[in-house]
Amino acid sequence: MDPFGLFCTGALLACGLYWFVCLLGPAEQKGKRAVDLSGGSISAEKVQDNYKQYWSFFRQPKEIETAEKVPDFVDTFYNLVTDIYEWGWGQSFHFSPSIRGKSHRDATRLHEEMAVDMIEVKPGDRVLDVGCGVGGPMRAIATHSRANVVGITINEYQVNRARLHNKKAGLDSLCEVVCGNFLEMPFKDNTFDGAYSIEATCHAPKLEEVYAEVFRVLKPGSLYVSYEWVTTDKYRGDNPEHVEVIQGIEIGDALPGLRNYKDIAEVAKKVGFQVVKEKDLAKPPALPWWTRLKMGRIAYWRNHILVTVLAAIGIAPKGTVDVHEMLFKTADYLTRGGDSGIFSPMHMILLRKPQVPPTQS
């Protein structure tokens with residue numbers, strides 16, 4: 001090859017590598033670049049060990065059925081996956097129904113705005129985000145409602161990411177982030193004018209524990225809406241394929257155990273809430289929420305090659321490839337759960353804390 005041809009080839013490869021590594025992948029306005037992938041609060045050299053520790057929870061299933069063990073389990077999971085989620089998915093770690101003519105980003109925002117509209121808060125009200133992640137929903141909801149949103153997440157790395165994004169968005173005056181366990185929230189009784197949780201309480205070992213905490217911190221008369229991960233009326237526990245899909249979702253998403261949709265309202269009433277409305281937002285005429293997962297298969301392989309290269313040359317921590325592969329397998333289980341109709345990540349329940357506490361019988 002002549003020198004000019006060699007130069008052109010080298011320049012083309014260099015530009016392609018720059019695009020592939022530095023420009024490709026940030027899901028929302030350069031929120032996270034591939035070269036910045038980390039293990040959250042875990043030091044780079046310990047990511048692989050913590051990945052193995054995460055899997056050890058599932059070799060001892062009784063260990064993840066107690067409130068004492070679950071916080072460490074969930075914290076480890078989000079240290080491992082937060083950067084990959086943000087890089088490959090966006091700042092809102094949840095699903096939403098597809099909407100014709102709308103981008104995934106717009107559909108996500110509308111799904112979040114609907115939550116705060118249902119709890120009827122006003123500008124200046126204090127609202128709780130139960131399990132806020134890196135704060136994607138918080139920022140959308142604060143912008144839409146002008147309420148003061150306080151988010152809680154157990155993961156310190158997510159707290160720092162959320163605060164950074166809040167400041168960049170100019171919303172740090174409306175959005176506050178607290179590091180804590182939503183089973184034991186560091187808030188006084190009767191503090192909030194409303195509350196919401198978007199696909200977060202599925203991490204609680206017992207739903208009544210987190211619902212009881214939300215009930216405690218809400219002002220009397222206030223509303224709480226939650227989008228719950230559930231098995232639907234189509235799920236059959238004696239169907240091996242159904243069981244495989246649900247267990248795959250549980251393992252890949254740090255869940256102590258998925259609940260049946262019938263259990264949600266009963267738990268809510270047990271802790272004192274009044275059920276205002278209940279609906280599976282994934283059911284028709286809603287368009288499939290899992291479309292984005294199906295469309296992302298090519299992007300996964302592109303990203304997996306990139307993560308493998310970055311790990312091999314020491315930019316991404318060892319173990320990142322394992323985590324990325326785990327999330328791809330989980331995406332397949334989620335898609336199968338959606339296709340078959342046995343799983344929904346958006347069983348919506350709207351609850352009210354009574355003005356007068358119920359009498360104890």
Side-chain angles (χ1 to χ4, degrees), residues 67 70 94 111-133 135 137-138 140-142 144-154 174-230 259-281 345-361:
V70 169
H94 64 82
H111 195 55
E112 295 163 350
E113 291 176 355
M114 180 174 64
V116 74
D117 287 344
M118 283 191 286
I119 60 174
E120 302 174 357
V121 295
K122 305 180 298 297
D125 280 354
R126 197 161 185 244
V127 179
L128 176 64
D129 182 332
V130 185
C132 65
M138 170 192 296
I141 283 169
H144 177 68
S145 68
R146 307 312 294 177
N148 295 294
V149 184
V150 180
I152 184 169
T153 172
I154 199 167
L174 288 177
C175 298
E176 178 186 348
V177 191
V178 175
C179 189
N181 182 352
F182 61 30
L183 302 177
E184 299 173 336
M185 290 193 277
F187 308 122
K188 294 180 180 179
D189 296 357
N190 308 316
T191 301
F192 293 95
D193 300 294
Y196 65 88
S197 52
I198 300 179
E199 303 182 29
T201 57
C202 51
H203 292 299
K206 294 181 180 179
L207 189 60
E208 55 263 38
E209 293 180 347
V210 62
Y211 275 16
E213 274 292 273
V214 175
F215 186 91
R216 179 182 66 79
V217 301
L218 274 181
K219 294 177 181 177
S222 297
L223 292 164
Y224 166 52
V225 66
S226 186
Y227 297 166
E228 296 288 346
W229 281 32
V230 297
R259 301 171 183 94
N260 186 267
Y261 76 102
K262 292 180 180 178
D263 299 334
I264 308 302
E266 290 304 312
V267 168
K269 288 185 282 190
K270 182 179 177 181
V271 304
F273 278 117
Q274 297 170 342
V275 177
V276 178
K277 187 177 181 181
E278 188 174 16
K279 180 182 180 181
D280 187 349
L281 301 178
M346 53 191 72
H347 183 89
M348 183 279 295
I349 188 162
L350 179 62
L351 307 168
R352 186 185 301 275
K353 180 175 178 176
Q355 288 284 0
V356 180
T359 57
Q360 299 294 323
S361 57

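Below, all heavy atoms of this structure are taken into account, side chains as well, without hydrogens, waters or symmetry copies. Since the model is a prediction, treat every value here as computed from it, not as a measurement.
Listed by chain and number, the residues in a side-chain hydrogen bond (donor to acceptor under 3.5 Å, both in side chains) with Glu278 are His347 (sequence neighbours excluded). With sequence neighbours left out, the side-chain hydrogen bond (donor to acceptor under 3.5 Å, both in side chains) criterion links Glu184 to no other residue. Residues forming a side-chain contact (heavy atoms from CB on, under 4.5 Å) with Lys279 (at least two apart in sequence, or on another chain): Leu281, Met348. Under the side-chain hydrogen bond (donor to acceptor under 3.5 Å, both in side chains) criterion, Glu176 pairs with no residue at all, not counting sequence neighbours. In this structure Asn190 satisfies the side-chain hydrogen bond (donor to acceptor under 3.5 Å, both in side chains) test together with Lys353, sequence neighbours excluded. When the salt bridge (charged side-chain N to carboxylate O under 4.0 Å, His left out) test is applied to Lys122, the partners found at least two apart in sequence or on another chain are Asp125.
The two residues Cys175 and Ala142 come nearest to each other via the heavy atoms SG-CB, 3.7 Å. For the pair Met138 and Cys132, the tightest heavy-atom approach, listed with the atom from each and the gap, is CE-CB, 4.0 Å. Across all non-hydrogen atoms, the minimal contact from Pro345 to Glu199 is O-CG, 3.2 Å.
Within the model, atoms CZ of Phe182 and CD of Glu209 stand 10.0 Å from one another, a figure rounded to the nearest 0.5 Å. The CZ atom of Arg352 sits 13.5 Å away from the NZ atom of Lys277 when rounded to the nearest 0.5 Å. With rounding to the nearest 0.5 Å, the separation of CD1 in Ile198 from NE2 in His94 is 5.0 Å.
Between Tyr196 and Val130 the shortest side-chain heavy-atom distance does not fall below 4.5 Å.
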Side chains of residues 265-272: which donor-acceptor partners sit under 3.5 Å, not counting sequence neighbours?
| from | atom 1 | to | atom 2 | distance (Å) |
| --- | --- | --- | --- | --- |
| Glu266 | OE2 | Lys269 | NZ | 3.4 |

Which atom pairs, donor and acceptor, lie under 3.5 Å between side-chain atoms of residues 144-154 and protein residues at least two apart or in another chain?
| from | atom 1 | to | atom 2 | distance (Å) |
| --- | --- | --- | --- | --- |
| His144 | NE2 | Asp117 | OD1 | 2.9 |
| His144 | NE2 | Asp117 | OD2 | 3.4 |
| Ser145 | OG | Ile141 | O | 2.7 |
| Ser145 | OG | Ala147 | N | 3.1 |
| Asn148 | ND2 | Gly124 | O | 3.2 |
| Thr153 | OG1 | Asn155 | N | 3.2 |
| Thr153 | OG1 | Gln158 | OE1 | 2.8 |

Could you tabulate the donor-acceptor pairs under 3.5 Å formed by side-chain atoms of residues 212-228, not counting sequence neighbours?
| from | atom 1 | to | atom 2 | distance (Å) |
| --- | --- | --- | --- | --- |
| Glu213 | OE1 | Met185 | N | 2.7 |
| Glu213 | OE1 | Arg216 | NH2 | 3.0 |
| Glu213 | OE2 | Arg216 | NE | 2.8 |
| Arg216 | NH1 | Phe187 | O | 2.7 |
| Arg216 | NH1 | Asp189 | OD1 | 2.8 |
| Arg216 | NH2 | Met185 | O | 3.0 |
| Arg216 | NH2 | Phe187 | O | 3.2 |
| Lys219 | NZ | Asp193 | OD1 | 2.9 |
| Ser222 | OG | Asp193 | O | 3.3 |
| Ser222 | OG | Lys219 | O | 3.0 |
| Tyr224 | OH | Ser197 | OG | 2.7 |
| Ser226 | OG | Ser197 | OG | 2.7 |
| Ser226 | OG | Glu228 | OE2 | 2.7 |
| Tyr227 | OH | His111 | O | 3.0 |
| Tyr227 | OH | Ala115 | N | 3.4 |
| Glu228 | OE1 | Thr201 | OG1 | 2.8 |
| Glu228 | OE2 | Thr201 | OG1 | 2.6 |
| Glu228 | OE2 | Tyr211 | OH | 2.7 |

*For Val230 and Ile264, what are the C-alpha separation, side-chain angles and deciding distance, and is it a side-chain contact (heavy atoms from CB on, under 4.5 Å)?*
CA-CA 9 Å; Val230 297; Ile264 308 302; 3.9 Å; yes
